[in-house]
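Letters A, B, ... are given to chains in the order of the sequence lines, protein chains preceding strands, and every chain is numbered from 1.
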Amino acid sequence: MRYWLMKSEPGTFSIGDLAKAPQQTTGWDGVRNYQARNNMVAMRKGDRVLFYHSSADPTAVVGTATVVREAYPDSTAWDKNDSHYDAKASAANPIWQRVDIKFESEFARPVTLEELRGVKELSKLVLLQRGSRLSVQPVTADEWKMVCRMGGL
DNA sequence: GCCAACGTTGGC
DNA sequence: GCCAACGTTGGC
């Protein structure tokens, strides 16, 4: 089993929105970055996800989710009315993929970016690397455990 | 709102 | 294939 971190702006889609969604599940569409897409394609059912609020106050890991459906075409890419429309994508050539994730837990307390930066064991966390802005990133098992413990899980 | 860092595009 | 220009991300 592998571990990941996914970013979302809470103003667009928050951990609370995921908890309230039908079947507490959502399709992670709109990703338009190849490296992030490749990470989603590498995801397997049962993989675990840290849910991170970006462009928030405070920015923080706020809970966890699990992968319930592996990569499949992101049809929003060829929807002209979608804000992430990509003229090069089509049903025959989807280019972009999404996975479905299901709500697992909301942390008792958010683990802020500032807190994460203060933990020696998390110095390699992709999120904390200089200039890192990948919206879907890998996390190690040890990092996962540490962040969950900090969140009061 | 600013701006550093990064990814993509397109002219050559 | 290079690289300047441009667009986006995301913390502050």
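Of the candidates A:Trp78, A:Tyr72, A:Tyr34, A:Tyr85, A:Tyr34 is the only one forming a ring pair (Phe, Tyr, Trp, His ring centres under 6.0 Å) with A:Trp96.
Under a hydrophobic-cluster definition in which Ile, Leu, Val, Met, Phe, Trp and Tyr are linked whenever side-chain heavy atoms come within less than 4.5 Å, directly or via other members, A:Val147 and A:Tyr52 are assigned to the same cluster. In terms of hydrophobic clustering, with Ile, Leu, Val, Met, Phe, Trp and Tyr side chains grouped at heavy-atom distances under 4.5 Å, A:Leu5 and A:Val126 are assigned to different clusters.
Taking atom CD on A:Gln137 and atom P on B:dG7, their separation rounds to 13 Å, with Å as the unit. A:Leu116 places its CG atom 11 Å from the P atom of C:dG11, with the value rounded to the nearest Å. Taking atom CD of residue A:Glu115 and atom C1' of nucleotide C:dG11, one finds them 17 Å apart after rounding to whole Å. In this structure, the CG atom of A:Asp86 is 17 Å from the P atom of C:dG7, given to the nearest Å. Regarding A:Gln35, its CD atom lies at a distance of 7 Å from the P atom of B:dG7, rounded to whole Å. A straight line from CZ of A:Arg130 to P of C:dG11 spans 15 Å, rounded to a whole angstrom. A:Leu127 has its CG atom 7 Å from the P atom of C:dG11, to the nearest Å.
Between the side chains of A:Trp4 and A:Asn39, no donor N or O sits under 3.5 Å from an acceptor N or O.
Axis orientation changes by 10° from one end of the helix from B:dG1-C:dC12 to B:dC12-C:dG1 to the other, with each end axis drawn from 5 pairs and the value rounded to 10°.
Side chain of A:Asp47 to main chain of A:Arg2: a donor-acceptor pair is present (N/O by atom type, distance under 3.5 Å, no hydrogens or angles). A donor-acceptor pair under 3.5 Å is absent between the side-chain atoms of A:Arg109 and the main chain of A:Gly152, judged by distance alone.
Between A:Trp28 and A:Phe51, the ring planes lie perpendicular to each other; the angle is over 60°, past the 30° to 60° tilted range.
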A:Glu121/A:Arg149 under salt bridge (Lys or Arg N to Asp or Glu O under 4.0 Å): CA gap, chis, key distance, verdict
CA-CA 13 Å; A:Glu121 292 86 341; A:Arg149 194 176 317 142; over 6 Å; no

Between protein and nucleic acid, restricted to nucleotides 8-10 of chain B and to nitrogen or oxygen atoms under 3.5 Å apart, what atom pairs and distances do you find?
from  : atom 1 : to      : atom 2 : distance (Å)
B:dT9 : OP1    : A:Lys88 : NZ     : 3.4

